[in-house]
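Below is one structure, written out as structure tokens; comments come after it.
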Amino acid sequence: MSKRHPNLLSWQWRHYADQHRHPTNLLLHLIAVPLFMLSLLLLLIGLWHMGFVPLVLAAIGLYGALCLQAQVHRLEQNQPPPFSGERDACKHQLLEQSVTFPRFLFSGGWWRAWRNRR
């Protein structure tokens, strides 16, 4: 999956709680991840129908969601390692947004992090 992390999903999961503790980061992920998911869906719809407006709105939503998260991740004491390139960044982001964060949220990890916030 990734040259640095052969099993990227388990690697992300192992480090996710340590890199998501700041209250602002936790709250903004509740907004940014659904925005990312909806924008990704809109992108697929736009590609399927070759619609200009859905493609533009999807691009704006994806960019906005990722920028929001990049800004609030700076508040975290434990920073994730930098990406090794564009492909690595895409894999990390797609898996984090679609699998790791929802797992963190629905497993109770988000709530535990919120209760133990600094």
Side-chain angles (χ1 to χ4, degrees):
M1 177 136 320
S2 172
K3 290 179 185 174
R4 292 184 305 151
H5 310 290
N7 191 338
L8 184 56
L9 276 175
S10 66
W11 178 85
Q12 274 185 342
W13 184 247
R14 207 168 33 253
H15 301 284
Y16 205 76
D18 290 336
Q19 297 169 353
H20 293 81
R21 293 177 178 220
H22 195 280
T24 304
N25 191 18
L26 290 169
L27 287 174
L28 278 179
H29 269 68
L30 290 177
I31 297 166
V33 173
L35 175 61
F36 182 91
M37 297 298 287
L38 288 171
S39 298
L40 191 59
L41 180 62
L42 192 57
L43 176 70
L44 295 173
I45 291 169
L47 289 172
W48 180 261
H49 293 287
M50 295 306 290
F52 178 75
V53 173
L55 289 173
V56 170
L57 292 175
I60 292 168
L62 289 169
Y63 182 76
L66 293 175
C67 285
L68 267 176
Q69 290 181 63
Q71 291 300 315
V72 295
H73 269 285
R74 293 178 182 170
L75 302 172
E76 292 291 347
Q77 191 171 13
N78 295 324
Q79 296 289 316
F83 301 122
S84 63
E86 291 176 10
R87 191 173 187 167
D88 186 45
C90 285
K91 281 191 261 185
H92 274 271
Q93 290 300 326
L94 280 172
L95 288 176
E96 180 182 350
Q97 307 301 309
S98 61
V99 177
T100 306
F101 179 77
R103 182 179 175 195
F104 183 64
L105 180 66
F106 294 120
S107 72
W110 187 95
W111 183 244
R112 282 187 298 280
W114 180 256
R115 282 195 329 249
N116 297 326
R117 68 191 182 272
R118 295 178 250 150

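Just so it is clear, the model here is predicted, and its values are computed rather than measured.
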Just so I know, are the side chains of Pro54 and His49 near enough to count as touching, which here means a heavy-atom distance under 4.5 Å? no
Calculate, to the nearest 0.5 Å, the distance between atoms NZ and CG belonging to Lys91 and Asp88 respectively. 6.5 Å
Nearest heavy atoms of Leu8 and His92, plus distance in Å: CD1-CE1, 3.1 Å
Could you give the distance from CD (Gln69) to CZ (Phe101), rounded to the nearest 0.5 Å? 8.0 Å
Does any part of the side chain of Val99, heavy atoms only, come nearer than 4.5 Å to the side chain of Trp13, both counted from C-beta? no
Near Trp111 CH2, under 6.0 Å, is it more than 12 heavy atoms from other residues, nucleotides or ligands? no
Separation between CD (Gln97) and OG (Ser39), nearest 0.5 Å, reads 10.5 Å
Taking the side chain as everything from C-beta on, heavy atoms only, tell me whether Ser107 gets closer than 4.5 Å to Arg112. yes
Which distance, rounded to the nearest 0.5 Å, do you find between the CZ of Phe36 and the CG of Leu41? 12.0 Å
Closest heavy-atom pair, Trp110 versus Leu30, reported as atoms and distance to 0.1 Å, is CZ2-CD1, 3.4 Å
For residues Gln19 and Asn78, is any side-chain donor paired with an opposing acceptor at under 3.5 Å? no
Given Leu35 and Val33, is the side-chain contact (heavy atoms from CB on, under 4.5 Å) satisfied, shown in steps? CA-CA 5 Å; Leu35 175 61; Val33 173; over 6 Å; no
Would the number of heavy atoms belonging to other residues, nucleotides or ligands and lying under 6.0 Å from CZ of Arg87 be above 12? no
Taking the six-membered ring for Trp, are Tyr16 and His20 parallel (under 30°), tilted (30 to 60°) or perpendicular (over 60°)? parallel
Side chains of Leu68 and Leu66: does their closest heavy-atom pair fall under 4.5 Å? no
Please name the pair of heavy atoms, one in Phe104 and one in Ala113, separated by the smallest distance, quoted to 0.1 Å. CZ-CB, 3.9 Å
Heavy-atom side-chain proximity of Leu42 to Leu38 below 4.5 angstrom: no
Please round to the nearest 0.5 Å and tell me the distance separating atom CG of Leu62 and atom SG of Cys67. 10.5 Å
Any chance you could measure Gln93, atom CD, to Leu40, atom CG, to the nearest 0.5 Å? 12.0 Å
Decide whether Val53 and Met50 are clustered together by the hydrophobic rule: side chain heavy atoms of Ile, Leu, Val, Met, Phe, Trp, Tyr closer than 4.5 Å, transitively. no
Are Met37 and Leu26 grouped together when hydrophobic residues (ILVMFWY) are joined by side-chain heavy atoms under 4.5 angstrom apart? yes
Quick check: do Cys90 and Glu86 have side-chain heavy atoms less than 4.5 Å from each other? no
Connected via hydrophobic side-chain network under 4.5 Å: Leu94 and Leu55: yes
For His22, the option from Val72, Leu75, Leu28 that meets side-chain contact (heavy atoms from CB on, under 4.5 Å): Leu75
Consider only side-chain N and O atoms of His73 and Gln79, and report whether a donor and an acceptor are under 3.5 Å apart. no
